[in-house]
Chemist: 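Before I ask anything, let me first share the structure, which is written out below as structure tokens.
Nothing fancy with the numbering, it's 1 onward along the sequence.
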Amino acid sequence: MAVEIDGGVRGKAVALITMGCAKNEVDSQHMTRRLMAAGYRMEEDPSRADCIIVNTCSFIQSATEESLETVFEVLGLDNVAAGAAKVVVAGCMPARYGAQLEESLPEANSFVPCSKEDDIAAVVDGLLGVVRGEGDEQPRYQAAGALPGEYGTYAYVKISDGCDRRCAYCAIPAIRGAYHSFPFAAIDGEVKRAVEGGAGEICLIAQDTGRWGQDFEEPLSLAWLMDELAARYPQTWFRVLYLQPEGVTDQLLAVMAARDNVCSYLDIPLQHVDKAVLRSMNRAGSREAFEALVERVQAAVPDVTLRTTLIAGYPGETEEQFEELLDFAAAGLFDYVGVFPFSPEEGTTACDLPDQWEEAVRMERAQELRDVADSASCAKVAERVGRSFPVLVEGREEDGQLFGRAMCQAPEVDGCTYLVSGEVGEKRTVTIGDTLFYEMEEE
């Protein structure tokens, strides 16, 4: 990466701490590239940095609390306390809380919401007193290739940002703004960079992946995007995450069935199955509709792996409605189920609904649902014994045990596959000899 380094920047180090989801990880990658293109050196140890950026998450209360805890830890570092390092709070918290956050956290030096992260180099310049030459006041993004160590065996690529759905429990529209698709050229550039950087799998992510391309002057579709990328990079796996039920089109299923390098995997957040609860959430669907959806998907892609997320303890959720949710999870229609207790988020419609459950009830229901879902999922994973799956070799554990992920396992959430042999980055087809909970072992 050829970058002209201004003399005032030389030797200045920036540490970037990322909180929250994969979408935040992508945002941090982009900020890192901009900082390095502007001549800054990235430092893993915040105590050795001249500027520390905390890319915060504020999707739910627990994430906000964790981000705040991290910010306070950073503010307590010796170099920060001595005035030798500046602190930037970036991402979701400044976007959601704005001036309120600045007033309550005067110890931080700057606040950069999601919409202003492209200006991160200029922000750091101002904090560190860096003065650039004429015509170079706003460092431009110049990193053409992958940064050293930027990618492992997989990479997340955002295809859009924002959301227009206005689910009653969700603060994302307030944090990220209106939905907007990223142009294909930009997505293709990110994919190309990741593949050249060594990523053997690309996970396409967004708040609502299924809507990609619909807001273009000449509309495109997620099915078109997946098909085009799979054709351009035939040796790379492609996986789509965070796909709302309405986004599961016949065209997308046809691409999934036709392309060997498109993972037969769908992550479809349902959140609940009772029709009345879903309407209160400002969501469509019902148990019957979701069961029909699963049947349609499995008919089109017989070997498909399905993941969903469910919310327990929503305001007004009756015992009968919760029992229906338990029964749905126990049926094992989905291979993997993420469970969350309802979180009353300030500024959302659901926060002000009547019949709010106490936190203890929400947590108890979530744990009961999680136990039922885990039991059903473990049974489905055990059914894979004796079957063969493509596996991407990812690395070794501390004891030397080689591991990877089968195509039916998404990064970070679905466990791993322990292997007998292979080289990191290699793709092998292996037969499963045993399973333990979500983990699988090569025969």
Chemist: For atom CZ of F437, is the number of surrounding heavy atoms from other residues, nucleotides or ligands below 6.0 Å larger than 12?
Modeler: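 At most 12 heavy atoms, drawn from other residues, nucleotides or ligands, come within 6.0 Å of this atom.
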Chemist: Quick check: closest heavy atoms across I175 and A95, and the distance to 0.1 Å?
Modeler: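 In this case the closest contact between I175 and A95 is O-CB, 3.4 Å.
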Chemist: Give a yes or no on whether E364 atom CD has more than 12 heavy-atom contacts from other residues, nucleotides or ligands under 6.0 Å away.
Modeler: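 No.
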Chemist: Short question: side chain of S377, backbone of D335 - any donor-acceptor pair under 3.5 Å?
Modeler: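 Checked: pair present.
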Chemist: Are the charged groups of K158 and D27 less than 4.0 angstrom apart, N to O?
Modeler: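 The answer is yes: the pair qualifies as a salt bridge.
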Chemist: Could you label the plane-to-plane angle of the F334 and F328 rings as parallel, tilted or perpendicular, counting under 30° as parallel and over 60° as perpendicular?
Modeler: tilted
Chemist: Passes side-chain contact (heavy atoms from CB on, under 4.5 Å), R362 versus E359? Steps please.
Modeler: CA-CA 5 Å; R362 302 198 305 267; E359 182 179 8; 3.8 Å; yes
Chemist: Quick check: are there more than 12 heavy atoms from other residues, nucleotides or ligands sitting under 6.0 Å from NZ of K192?
Modeler: no
Chemist: What I want to find out is whether R176 reaches D161 closely enough, with some N-O distance under 4.0 Å, to be called a salt bridge.
Modeler: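 Yes.
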Chemist: Can you label the angle between the H180 ring and the F182 ring as parallel, tilted or perpendicular, going by 30° and 60°?
Modeler: tilted
Chemist: Honestly, is R259 close enough over F238, meaning NZ or CZ under 6.0 Å from the six-membered ring centre and within 45° of the axis?
Modeler: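 No; the conditions do not both hold, so R259 does not lie above the ring face of F238.
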Chemist: Keeping the roles fixed (side chain from R307, backbone from V413), state whether a donor-acceptor pair exists under 3.5 Å.
Modeler: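 Side chain of R307 to backbone of V413, a donor-acceptor pair under 3.5 Å: yes, one is there.
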Chemist: Between the main-chain N or O of G422 and the side-chain N or O of R428, is there a donor-acceptor pair closer than 3.5 Å?
Modeler: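 Not a single qualifying donor-acceptor pair exists.
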Chemist: Do K23 and F59 form a cation-pi contact, if we require the NZ or CZ to be under 6.0 Å from the six-membered ring centre and within 45 degrees of the ring's axis?
Modeler: no
Chemist: Counting N and O atoms only, with roles assigned by atom type, does the side chain of E345 sit under 3.5 Å from a partner on the main chain of C351, one being a donor and the other an acceptor?
Modeler: no
Chemist: If only atom types and distance count, is the side chain of Y179 paired as donor or acceptor with the main-chain N or O of W212 below 3.5 Å?
Modeler: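 Yes; at least one donor-acceptor contact below 3.5 Å.
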Chemist: Using only atom types and a distance under 3.5 Å, with no angle test, would you say the side chain of Q235 pairs donor to acceptor with the backbone of N261?
Modeler: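 No, the answer is negative, given that no donor and acceptor are paired below the 3.5 Å cut-off.
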Chemist: Could you tell me whether the side chain of D208 and the main chain of C163 form a donor-acceptor pair under 3.5 Å?
Modeler: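 Not at all, since once roles are kept as given, no pair shorter than 3.5 Å links the two residues.
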